[in-house]
Number of protein chains: 2
Amino acid sequence: MSLEQSVVRNHLLAMLPAQEFQALAPYLVPVDLPARQILQHPSEPIRALYFVEDGWISLLMALQDGSSVDIGIVGREGMIGTPILLGSDRSIVEAMVQRAGSGLRLDAQHLQDALRASPSLRQLLMHFSLALMTQVGQMVACNRRHPIEQRLVCWLLMAHDRGDGDDLPMTHEALAATLGVRRASISVAAGALQKAGLIRYASGRITILDRAGLEAAACECYSVVCAEYRRLLGNDGAV
Amino acid sequence: MSLEQSVVRNHLLAMLPAQEFQALAPYLVPVDLPARQILQHPSEPIRALYFVEDGWISLLMALQDGSSVDIGIVGREGMIGTPILLGSDRSIVEAMVQRAGSGLRLDAQHLQDALRASPSLRQLLMHFSLALMTQVGQMVACNRRHPIEQRLVCWLLMAHDRGDGDDLPMTHEALAATLGVRRASISVAAGALQKAGLIRYASGRITILDRAGLEAAACECYSVVCAEYRRLLGNDGAV
DNA sequence: ATTATTTTGTGTGATAACGTACCGATCTTT
DNA sequence: AAAGATCGGTACGTTATCACACAAAATAAT
């Protein structure tokens, strides 16, 4: 009883030609992605790719002082496991489920078979890798030059794109860890956004009230990265 | 009369099996890389890959305020043109020659032929792309958390690794643009390093005096990224 | 040699963000 | 309902870095 492409929410898989998807389907295993699960641990071999169906995954870089910084975010527009695609079973980048959801697992040892079964898959995955690289690159500049409030807005928009509704299950504390700043700084920045009527929040839940207003308040980084996702993955592939 | 592998200084090409290199050689065109030449322009199609032989190339992300930030640096351990490898002839990342040198050009339309001629090449290029991705990711965290002086040291070490001697032809102004900070901040940071006897500088030239001392003064980012280059490209591939 | 240009040193005040701390509000557990 | 834990608001002093400005030193051009 095989997986139906029509019910797949992952954009990469949804874009595959129907026949290729059918050939690929036997390798795909539906899995839950509970919050805080680590899909890619810096010190352990990566055993599988994950095509995200729901929720979103943070790519983190841990520092020696114990802090860590988000270098990218992946939702149903993408997958976790670019190192495998690029020929290594390790990476110092950590991938952690930030918003619980589900995904389709493709075991690493089947990747070559899967690529044979679906010739379009390689191109899609490589394009996604490039889009992700662009996102990470933009983050370098963003972290260097843009103030906390804009970075926060940028993050909220990216998370909103990858979520199901207008609610984001994040505390100020979690956001602070994600953006690599103090919790108090988030409280101040989020307070300003709430006062401006762009968002509302209460105990661990942030609600997007004015999407257009947020887009206007974000730094360029949001739209630049979005445009690149669209260019590489098409309007349907982009979030 | 073909290119001799023994005289090639690019580490990726040097690591190829001799036979594969011979098959690839006809596609490689020696080129000069004058300072400030742009190998990859955000708004133009990328027509070629460049295997760096000498000098180094900055990967830049330009921002709307007119500033730009270095997201990575490539020397003879690598190549310019990962977007082509990953299936796109465009990228919003700019590649500019920062220290003049030379390279071997592989025209984009020959890449597929080249990959057929040298099966090892794809794996090497993908490993390099992953190493570069790691470097960029670490830069995100570094820019977020580490002070200017450490970032400067980090950059000096990376440039030193990729250069020929202990002299780096960079003004404070150029360094400021590279690191995305004020020129005065560089003068202060560099002044401290000079006072500590780690470097010496004069009008557009920085000399590395105490390599070990610099390594001790750098943030973790330098060694983390180095280790990843070594892991992925081997001791000979790493800078 | 003189003049212009580039490069570096330095100072002043402003600002963003930090570390830390404490309190009240809200949620969870019992 | 009470107690405990988590979450958010706010404040204080500190530090890193900024923007701007100007002069001294070094280099290049005439």
Side-chain angles (χ1 to χ4, degrees), chain A residues 35-36 63 65-70 98 140-156 167-196 198-207 209 217 219, chain B residues 35-36 63 65-70 98 140-156 167-196 198-207 217 219 221:
Chain A
R36 278 178 299 286
L63 295 177
D65 66 2
S67 70
S68 64
V69 179
D70 244 55
Q98 191 145 43
V140 177
C142 194
N143 269 305
R144 182 83 283 281
R145 311 280 309 173
H146 296 151
I148 288 188
E149 193 173 318
Q150 286 196 311
R151 296 208 310 275
L152 172 61
V153 172
C154 211
W155 191 93
L156 290 173
D167 281 2
L168 313 177
M170 292 284 284
T171 64
H172 291 189
E173 187 77 47
L175 273 171
T178 295
L179 299 187
V181 300
R182 286 177 317 147
R183 195 271 310 163
S185 296
I186 295 292
S187 294
V188 171
L193 297 175
Q194 179 161 248
K195 193 168 290 178
L198 301 178
I199 64 173
R200 172 160 36 85
Y201 56 87
S203 253
R205 194 175 67 256
I206 297 183
T207 308
L209 294 179
C219 49
Chain B
R36 279 178 299 287
L63 294 178
D65 67 1
S67 70
S68 65
V69 179
D70 244 54
Q98 191 146 46
V140 177
C142 194
N143 270 305
R144 179 86 283 282
R145 311 279 311 173
H146 296 150
I148 289 187
E149 193 172 320
Q150 285 196 311
R151 296 207 309 275
L152 172 60
V153 173
C154 211
W155 189 92
L156 290 173
D167 281 3
L168 313 177
M170 293 285 284
T171 65
H172 291 189
E173 188 77 47
L175 272 170
T178 295
L179 299 187
V181 300
R182 288 174 316 144
R183 193 272 310 162
S185 296
I186 296 292
S187 293
V188 171
L193 297 176
Q194 180 162 249
K195 192 166 292 178
L198 302 177
I199 63 174
R200 172 161 37 86
Y201 56 90
S203 254
R205 194 176 68 256
I206 298 183
T207 308
C219 49
C221 303

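Keep in mind the model is a prediction, meaning the values are calculated, not measured. Just so it is clear: chains get the letters A, B, ... in the order the sequence lines come, proteins before strands, and each one is counted from 1.
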* To do: Please name all residues satisfying salt bridge (Lys or Arg N to Asp or Glu O under 4.0 Å) with Arg182(A), sequence neighbours left out, ordered by chain then number.
  => none
* Asked: Contact class for Ile186(A) (heavy atom, under 4.0 Å): base, sugar-phosphate, or nothing?
  -> nothing
* To do: Measure across Gly204(B) and Thr171(B) and return the closest heavy-atom pair with its distance rounded to 0.1 Å.
  => CA-CG2, 3.7 Å
Tabulate atom names and distances for all N/O pairs under 3.5 angstrom spanning the protein and nucleotides 8-11 of chain D.
{"residue": "dG8(D)", "atom": "OP1", "partner": "Ser203(A)", "partner atom": "N", "Å": "3.4"}
{"residue": "dG8(D)", "atom": "OP1", "partner": "Gly204(A)", "partner atom": "N", "Å": "2.8"}
{"residue": "dG8(D)", "atom": "OP2", "partner": "His172(A)", "partner atom": "N", "Å": "2.8"}
{"residue": "dG9(D)", "atom": "OP1", "partner": "Tyr201(A)", "partner atom": "OH", "Å": "3.1"}
{"residue": "dG9(D)", "atom": "OP2", "partner": "Tyr201(A)", "partner atom": "OH", "Å": "3.0"}
{"residue": "dG9(D)", "atom": "N7", "partner": "Arg183(A)", "partner atom": "NH1", "Å": "3.0"}
{"residue": "dG9(D)", "atom": "O6", "partner": "Arg183(A)", "partner atom": "NH2", "Å": "2.7"}

* Measuring from Cys142(B):SG to Arg144(A):CZ, what's the distance to the nearest 0.5 Å? -> 9.5 Å
* Just jot down the side chain to side chain donor-acceptor pair (under 3.5 Å) partners of Arg205(B), sequence neighbours excluded, or say none. => Asp167(B)
* Asked: Got Leu175(A) and Ile206(A) here, is their nearest side-chain heavy-atom distance under 4.5 Å?
  -> yes
* **Bending between helix ends of the helix from dA1(C)-dT30(D) to dT30(C)-dA1(D) [5 pairs per end, 10° resolution]** => 40°
* To do: Could you check whether Arg145(A) gets within reach of a base, just the sugar-phosphate, or nothing at all, counting any heavy atom under 4.0 Å?
  => nothing
* Separation of atom CD1 in Ile148(A) from atom C1' in dT17(D), rounded to whole Å -> 14 Å
* Asked: First and last nucleotide of DNA chain C touching chain B, 5' to 3', heavy-atom cut-off 4.0 Å?
  -> dT7(C) to dC18(C)
* All side chain to side chain donor-acceptor pair (under 3.5 Å) counterparts of Thr178(A), not counting sequence neighbours -> Gln98(A)
* Asked: What's the spacing between Thr207(B) OG1 and Leu168(B) CG if we round to 0.5 Å?
  -> 7.5 Å
* Asked: Of the non-hydrogen atoms in Ile148(B) and Ser185(B), which two are nearest, and what is the gap between them?
  -> CD1-CB, 3.6 Å
* Rounded to the nearest 0.5 Å, what's the gap from NE2 on His146(B) to CG on Leu152(B)? Could you check? => 14.5 Å
* Asked: So how far is it from Tyr201(A) OH to Ile186(A) CD1, rounded to the nearest 0.5 Å?
  -> 10.5 Å
* Distance in angstrom units between Arg144(B) CZ and dA16(D) C1', rounded -> 12 Å
